[in-house]
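Quick notes on the structure that follows.
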Amino acid sequence: MLKIPTTGLITAALAALFLAGPHTVFAEQKTGFNRTVLLEKKLELPSPSIDTKMIRVEFPPAFKTPWHTHEGPGPRYVVKGTLKVVEGGKTNTYSAGQVFWETGELMSVENVGDNVAELIIFELAPVK
C-alpha cells in the first residue's frame, strides 16, 4: 500500500482543482458585463430614518405638470423621451438614459418630445 503524507495529498488535491476546475474571472478580464455610474452625490440625510420610494411616471406628449414639490430629493432617471425640468430658477432638458438630481424645491416638468416620456423617481424623504 502506498502512503502519501497528508500535506502532500492536500497540495495534490488543490493543484488538481486549480488545473481542472472552472476558471476564475478576474475584474481585469472582459466578461461582457458593463458597469457605469450614472450619478454620484454625497448628501447628509435630514433624518436617521428615511422613507424611500421608487415611482414610475409617464408623461403624454406636450404634457406639463403644474408647479409642485416632492416629499424628498433624490435621483431621477429618464427611461424614454425628453423632459424639460424647471427647478430652482434653472431649466434643463434630459433625454432617455440621463439621470438628474432633484432637490425637492418647487418645480415643473414638461414632455417636450413627440412621444410618451417615462421617468423613474427615486425619492428620499424623512419618515413621518
Between atom [atom1] of [X] and atom [atom2] of [Y], what is the distance when rounded to the nearest 0.5 Å?
| X | Y | atom1 | atom2 | result |
| --- | --- | --- | --- | --- |
| Phe122 | Leu39 | CZ | CG | 11.5 Å |
| Glu102 | Leu124 | CD | CG | 11.0 Å |
| Asn92 | Gln98 | CG | CD | 9.5 Å |
| Leu119 | Glu58 | CG | CD | 11.0 Å |
| Lys128 | Asp51 | NZ | CG | 8.5 Å |
| Thr82 | Asn111 | OG1 | CG | 7.5 Å |

Just to verify, which of Lys53, Met54, Arg76 counts as forming a side chain to side chain contact (heavy atoms under 4.5 Å, CB included) with Ile121?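 Option passing the side chain to side chain contact (heavy atoms under 4.5 Å, CB included) with Ile121: Arg76.
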
Name the residue from Val116, Val112, Asp114 that meets the side chain to side chain contact (heavy atoms under 4.5 Å, CB included) definition with Pro61.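 Of the listed residues Val116, Val112, Asp114, the side chain to side chain contact (heavy atoms under 4.5 Å, CB included) partner of Pro61 is Val116.
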
Considering all heavy atoms, the nearest [X]-[Y] contact:
| X | Y | answer |
| --- | --- | --- |
| Ala96 | Lys80 | CB-CA, 3.7 Å |
| Pro126 | Ser47 | CB-CB, 3.9 Å |
| Met107 | Val85 | CE-CG1, 3.6 Å |

Contact between [X] and [Y] at the side-chain level, heavy atoms closer than 4.5 Å - yes or no?
| X | Y | answer |
| --- | --- | --- |
| Phe59 | Thr65 | yes |
| Leu38 | Tyr77 | yes |
| Ile50 | Val127 | no |
| Trp101 | Leu43 | yes |
| Tyr94 | Val109 | no |
| Glu87 | Thr103 | yes |

According to a hydrophobic-cluster definition based on side-chain heavy atoms being under 4.5 Å apart (Ile, Leu, Val, Met, Phe, Trp, Tyr only), do [X] and [Y] belong together?
| X | Y | result |
| --- | --- | --- |
| Phe100 | Val79 | no |
| Phe63 | Val78 | yes |
| Val99 | Ile120 | yes |

Just checking Asn115: does its CG atom have more than 12 heavy atoms from other residues, nucleotides or ligands closer to it than 6.0 angstrom?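 Not more than 12 within 6.0 Å, no.
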
